[in-house]
Amino acid sequence: MSNVLIVAEVQNQTIKPATLTAITFAREAATRTGGQVHAVVIGQGIDGAAQEMAKYVATVHAVDGDAYGHPLAEMYAQAIAGAQKASNAALICMAATAHGKDVLPRAAALLEAGMASDVLGFAEASGLAMRRPIQAGNVIATVEITSTIKLVSTRPTEFEAAAPAAQAGTVGALNVTLTAPKTRHVKFDKVTSERPELTDARVVVSGGRGLKDAESFHKLMEPLADKLGAAIGASRAVVDSGWVPNDLQVGQTGKVVAPELYIAVGISGAIQHVAGMKSSKAIVAINKDAEAPIFQIADYGLVADLFKAVPELMEKL
Amino acid sequence: MKILVTVKRVTDYERKVKITPDGSAIITEGMNFVPNPFDEIAVEEALRLQKAHGGEVVVVSIGAKDATTQIRQALAMGADRGILVLSDELDSDAVARVLVKLVAEEKPDLVIMGKQATDDDANQAGQLLAGYLGWPQATFASKTEGLESEAEKAQKPGVVIENGEALVLREVDGGLETIAVTLPAVVTTDLRLNHPRFASLPGIMKAKKKEVKEVPIASLGIDVTPKVKNVKFAEPPTRKAGVKVADVAELVAKLKNEAKVL
């Protein structure tokens, strides 16, 4: 038992980009365990996605059925546990997306296995000790999973997207017997936005409490985002104040992003926030407080009144 | 309706923690301890549901004797009684298995927990508990109404209980999902679910008289050997500070010519 199983996520009939980053981790893990990489693709009408996944791994287990029409943890966790048995996997990994965070620990309970969350990579040149952030990103812990089966959720921003393998793998259907469902999907309200998704965006503009109130947040940040084709993010303080929905929160307890350009506007730079954006390629900070901790990590710091600097930036872009 | 709600004593997430020089431990001496902020949201939600549907709110903490402080804080907010499982630090899996035992004893209709503790940031215990119990789960609960809405001011619960189900709005990638879970169920809370109340002075006085039962972990008869062990701690790699620019014009020039991101 040394195979590695990757749990693929399907979105709009295709493999979600975050899954490709988890494949990179899975391949490295398989070289360490001496096993093969398997994948499980779960959903309703997922033939296309399963074929796509087969470009990356040796064996794909396709769990297809009406019960998987919506990504409900109760059913998906059982499918993952079933795929563990079918693949004889010692290590199961999945990207730490909203769905991954929901379903993977439940699968760990079904398998009575230990799980490491939000893993950044392996700790040593060999072996399976891993690094993960704790204490709001203040500390990097090296963890060892002692159970025979090990589950790992991987932080998408820490791994490159994998390229297809030299040789495509095979797809096989897998049937899983489910318990009577106790979870019902009621509705999904897609957030319709012309802007890119926060975790996939090339540019992120993020606002903090320096913007004073919800109205100025929207008045200043939205045009700036539109001008740059950027996604909008926010600090925890802003989410706490109810100016924007929680899903815009960048930080250890929110979304972790690593865009090419991150512009922090009126954000002081609490460790909690920095833990969610410090892998960005270029970081810009605009803040009137020259002592704000955000300047300690920013590539380009502008000490200025954001209510003047942001409109001026709009003009010059 | 009976609700079990968990509160973990954690280091203040706004303060920087220190590590011993050999990287073997985190120095908690002299640190400020607070209830896990997501757990305070869980307690608040439990109290609102109790107000709407009646019943009892039982607060559980697992930890050393000093976690009594955090239980008392929840009791001061209005919870009815507390249970402290006396134990060393456990991994998420052991926490879930301790809670399985307490659920068997207390038979709650709902367990509400913070989505993650701000010390180990695992985001697992609620899902593990639901998995072990075979109960449905609704993680990262939020609500449609904003935190500045009238519903929030009226302390209306975000979780809707009707016909033996809990309706929960969840913020997921790309949108908002509503699911219905058959009770009994496990719900974990996200930031936007509510603003936790502050304890009132009469609440604090009353809390002193409320029962906190202490349960030695050995009496539960479970193996708490960790499945995930922290073997070393280190500071995160620091990112070097760059340059300060004089004005917006210089900033734009640097982004175009130096960083080449525009």
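Reckoned from all heavy atoms, side chains included, excluding hydrogens, waters and symmetry mates. Each chain gets a letter, A, B and so on, in the order the sequences are listed, and its residues count up from 1.
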Inset, instruction - Identify whether the distance between the nearest side-chain nitrogen and carboxylate oxygen of B:R239 and A:D299 falls below 4.0 Å. - result: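 Salt bridge between B:R239 and A:D299, a charged N being under 4.0 Å from a carboxylate O: yes.
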
Legend entry - Salt-bridge present (B:R192, A:D247; N to O < 4.0 Å):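 A salt bridge is absent here (no side-chain N lies under 4.0 Å from a carboxylate O).
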
With chain B as the partner, which of [options] has the greatest number of non-hydrogen pairs under 4.5 Å?
options                : answer
A:G242, A:P105, A:G114 : A:P105
A:I145, A:L228, A:L302 : A:L302
A:V284, A:D118, A:I271 : A:V284
A:K281, A:Q11, A:M115  : A:M115
A:K150, A:K16, A:E144  : A:E144

Sidechain-backbone polar pair: [X] side chain, [Y] backbone, donor-acceptor under 3.5 Å:
X      : Y      : value
B:H195 : A:D240 : yes
A:K101 : B:Q124 : no
A:T146 : B:P226 : yes
B:D119 : A:Q135 : no
B:Q137 : A:A73  : no

Inset, instruction - Kindly confirm or rule out a cation-pi arrangement of A:R131 over B:F233, judged by NZ or CZ under 6.0 Å from the six-membered ring centre and within 45° of its axis? - result: no

[atom1]/[X] to [atom2]/[Y] distance, rounded to the nearest 0.5 angstrom?
X      : Y      : atom1 : atom2 : value
B:T139 : A:H99  : OG1   : NE2   : 10.5 Å
A:R132 : B:D121 : CZ    : CG    : 6.5 Å
B:D93  : A:L151 : CG    : CG    : 10.5 Å
A:D189 : B:T144 : CG    : OG1   : 8.5 Å
A:E74  : B:W135 : CD    : CH2   : 13.0 Å
A:K190 : B:E177 : NZ    : CD    : 14.0 Å

Taking side chain as everything from C-beta outward and backbone as N, CA, C, O, which of these in [X] sits under 4.5 Å from a heavy atom of chain B? Side chain, backbone, both or neither.
X      : answer
A:I283 : both
A:T179 : neither
A:A108 : both
A:S153 : neither
A:K255 : side chain
A:L72  : side chain
A:T199 : neither
A:A113 : backbone
A:A77  : neither
A:D102 : both
A:L110 : side chain
A:P181 : neither
A:V244 : backbone

When [options] are compared by non-hydrogen pairs under 4.5 Å with chain A, the top option:
options                        : result
B:G174, B:A259, B:A166, B:G126 : B:G174
B:K256, B:K115, B:R170         : B:R170
B:A249, B:S149, B:S142         : B:A249
B:I26, B:T238, B:D91, B:L183   : B:I26
B:A138, B:G134, B:P237         : B:G134
B:K232, B:E165, B:E250         : B:K232

Measure the shortest side-chain to side-chain distance between [X] and [Y] over non-hydrogen atoms and say whether it is less than 4.5 angstrom.
X      : Y      : value
A:R184 : B:V181 : no
B:I179 : A:V186 : no
B:V17  : A:V139 : yes
A:R236 : B:L191 : yes
A:Y300 : B:L255 : yes

Inset, instruction - Would you indicate whether B:K16, at its atom NZ, is surrounded by more than 12 heavy atoms from other residues, nucleotides or ligands within a distance under 6.0 Å? - result: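 Above 12, so yes.
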
Inset, instruction - Please check if atom CG in B:D88 has more than 12 non-hydrogen atoms from other residues, nucleotides or ligands closer than 6.0 Å. - result: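 Atom CG in B:D88 is not crowded, with 12 or fewer foreign heavy atoms closer than 6.0 Å.
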
Where is the tightest heavy-atom contact between [X] and [Y], given as atom of each residue plus distance?
X      : Y      : result
B:L128 : A:A109 : O-CB, 3.4 Å
A:N138 : B:P236 : O-CD, 2.9 Å
A:E112 : B:K227 : O-NZ, 3.1 Å
A:E197 : B:D173 : OE2-CB, 3.9 Å
A:V303 : B:K244 : CG2-CD, 3.6 Å
A:S117 : B:A122 : OG-O, 2.6 Å

For [X], is it the side chain, the backbone, both, or neither that has a heavy atom closer than 4.5 Å to a heavy atom of chain A?
X      : answer
B:A96  : neither
B:K240 : backbone
B:P37  : side chain

Legend entry - Close contacts, residues 307-316 of chain A versus chain B, judged by heavy atoms under 4.5 Å: A:A309, A:E312, A:L313, A:K316

Legend entry - Set of residues satisfying side-chain hydrogen bond (donor to acceptor under 3.5 Å, both in side chains) with respect to A:S147, sequence neighbours excluded: none

Inset, instruction - Would you tell me whether A:T253 and B:Q116 have side-chain atoms, one donor and one acceptor, within less than 3.5 Å of each other? - result: no

Legend entry - Given B:L193, B:D190, B:L147, the one that forms side chain to side chain contact (heavy atoms under 4.5 Å, CB included) with A:N246: B:D190

Inset, instruction - With side chain to side chain donor-acceptor pair (under 3.5 Å) as the test, would you mind laying out the steps for A:Q252 and B:Y13 before giving the verdict? - result: CA-CA 11 Å; A:Q252 175 83 353; B:Y13 69 96; over 6 Å; no

